[in-house]
Amino acid sequence: MAILLADCNNFYVSCERVFDPKLRKRPVVVLSNNDGCVVARSNSAKKLGITMGIPLFKVRDIVDANNIATLSSNYALYGDMSARVMGALREFTPEVEEYSIDEAFLSIDGDADRAAREIRLKLYKWTGLPVSIGIAQTKALAKVANHLAKKADGGVYAVTGGNVEVILDSLPVGEVWGVGRQYEKALRSRGIESALQLRNMEVGRARRLLTVAGARIVEELRGTSCMPIELAPPARKSMVCSRTFGRTVETLRELREAVGTFTISAAEKLRRHGLATSAVSVWISTNPFTLDEPHYSNSATAEVAFPTDSTHELLGLTLAACESLYRAERKYKKAGVMFAGLVPASPITIRMFDDERGQRLQRVSEAVDKINRKHGRDTIRFAASGLKCGWQTRADRRSRRYTTNWGELVTVG
DNA sequence: TCTGGGGTCCTAGGACCC
DNA sequence: TCTGGGGTCCTAGGACCC
């Protein structure tokens, strides 16, 4: 049995290119919310020196000089394309772990190399997306293999007992899955610079230095699997909705509208997942990059007496929290709402102590969801979200929702 | 002028209890 | 005046991932 890691190449950029062929001849980057940072790059954009996560304004000159296409992110499109990819993978085996929007681990019996090549061809045919596949005995090694598959002819690479030492020896330790910037620094300062050196580290030492995560990585690099494939996603524990504003917000009225909007959308998501929340947090923050004004950020948490999924009830809590955090004379740039302590929204947990009014409000939330699902987002809205929304996130270069909205289909001719 | 959003896990240390 | 030891639970902060 082998573990395969299928990872879509430059996923967001590739999704855009499927529907706009003109983008295939140009370097392309996709931007984070608010058109702030680069979150996906075509290979050609990578070669021009655009790094992951860089703020757009810092590479403005490279972008202009090379006619790089810059797109706002289009999550409706990427989410839908992801579902198609995952569906296609399940045609080959039910043993699929959806690891992220653009990656999945698969467990394959028999000729893994042959299966990988077939999966890759079919996926391209069915979705138009190029995928690379790494093959190995453990997840961490499959990640390493995938890294090499990105550059390999045919987009498939297998790490085996025979080649593993050579490969790990030439891989910088910071490229290993689970080794971030801090861990890399800690390892390098002790002379551990390659993945091979990390693999050869004493497990106890790795644990002391990098906690149990480090111990697991060492074991996995040695070929001992300690991160099994998870076929069912574990229950979600928290849910967040937060945004950076398109401009600063100074009035309590606007801040309340923003927090109200985030609450409404997080509550919708709560009900979609059949969950209820038992703790609600709100945070607000000024721009941390502005040096001439003092930075202010603060958060407040409210416990909910009985877990709830009612927008009305949640709005009461988050708006009160928002008011308690608000300080006049500040320029707010970001706010967010988090629901934690999520539990299944069974009738008992939610409604045992509800009065008639509570049940009516419950039905209001459900009715709003139903209407919006049927007739499109924001057909009906709560007044708390405001009407003008001058603070709204910028997304000036968003492509169309080609696959999820009838009004935005591709037109031919 | 312009700097994303949404998650999880682990640990240390304090509070509290017997 | 002397002043234990062990256990659990919770939280904040830090690390990681995409």
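Letters A, B, ... mirror the listed sequences (proteins, then strands); counts begin at 1. Values reported hereafter were calculated over all heavy atoms of this structure, with side chains retained and with hydrogens, waters and symmetry mates removed. Quick caveat, the model's predicted, so the values are computed rather than measured.
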Problem set entry | Span that lies between the C1' atom of C/dG4 and that of B/dC17, in whole angstrom | 14 Å
Exercise. Which is true for A/D102 with a 4.0 Å heavy-atom rule: it touches a base, it touches only sugar-phosphate, or it touches nothing?
Worked result: sugar-phosphate
Exercise. Can we say A/E323 and A/R256 salt-bridge, meaning some charged N sits less than 4.0 Å from an Asp/Glu carboxylate O?
Worked result: yes
Exercise. Taking atom P of B/dG6 as reference, at what distance in whole Å does atom CG of A/N33 sit?
Worked result: 7 Å
Exercise. Is the shortest side-chain N/O distance from A/K143 to OP1 or OP2 of C/dC17 below 4.0 Å?
Worked result: no
Problem set entry | Separation of atom CG in A/L342 from atom C1' in B/dG7, rounded to whole Å | 12 Å
Problem set entry | A/E303 CD to C/dC10 C1', straight-line distance once rounded to whole Å | 11 Å
Exercise. Between A/K237 and A/Y12, which is nearer to the 5' end of DNA chain B once each is assigned its nearest nucleotide?
Worked result: A/Y12
Exercise. Quick one: is B/dG6 close enough that its OP1 or OP2 comes under 4.0 Å of any side-chain N or O from A/K269?
Worked result: no
Exercise. Does A/Y183 have its ring centroid less than 6.0 Å away from the ring centroid of A/W177?
Worked result: no
Exercise. OP1 or OP2 of B/dT1 less than 4.0 angstrom from a side-chain nitrogen or oxygen of A/K58, does that happen here?
Worked result: no
Problem set entry | Partner of A/L4 by side chain to side chain contact (heavy atoms under 4.5 Å, CB included), out of A/L89, A/T93, A/I135, A/D113 | A/I135
Exercise. How would you label the contact of A/R216 with the nucleic acid (heavy atoms, under 4.0 Å): base, sugar-phosphate, or nothing?
Worked result: sugar-phosphate
Exercise. A/Y99 has a side chain; which of B/dG7, B/dG4, C/dC18 sits nearest to it?
Worked result: C/dC18
Problem set entry | A/T244 side chain near B/dT3 phosphate (N/O to OP1/OP2, under 4.0 Å) | no
Exercise. Once you round it to whole Å, what is the distance between C1' of C/dC18 and CE of A/M86?
Worked result: 11 Å
Seminar exercise, completed: Rounded to whole Å, CZ of A/R394 lies from P of B/dG4 at a distance of 11 Å
For this session: Scan A/T393 against the nucleic acid and name what it touches under 4.0 Å (heavy atoms): base, sugar-phosphate only, or nothing.
Result: nothing
Seminar exercise, completed: Among B/dG7, B/dC10, B/dG5, the one nearest any side-chain atom of A/T211 is B/dC10
For this session: For A/K185, answer base if it contacts any base atom (sugar-phosphate contacts may also be present), sugar-phosphate if it contacts only those atoms, and nothing otherwise; contact means non-hydrogen atoms under 4.0 Å.
Result: nothing
Seminar exercise, completed: Distance col, row A/Y332:OH vs A/S297:OG, nearest 0.5 angstrom, shows 10.0 Å
Exercise. Do the side-chain N or O atoms of A/K334 get closer than 4.0 angstrom to the phosphate oxygens (OP1, OP2) of B/dT3?
Worked result: no
Problem set entry | Interatomic distance, A/F57 CZ vs B/dT1 C1' [rounded to whole Å] | 9 Å
Exercise. Are A/K139 and C/dC17 close enough that a side-chain N or O sits under 4.0 Å from OP1 or OP2?
Worked result: no
Seminar exercise, completed: Scanning all shown strands, the Watson-Crick or wobble mate of C/dC9 with both distances under 3.5 Å is B/dG14
Problem set entry | A/R181 side-chain N/O to C/dC16 phosphate OP1/OP2 under 4.0 Å | no
Exercise. Given B/dG6, is OP1 or OP2 found less than 4.0 Å from the side-chain N or O atoms of A/S242?
Worked result: yes
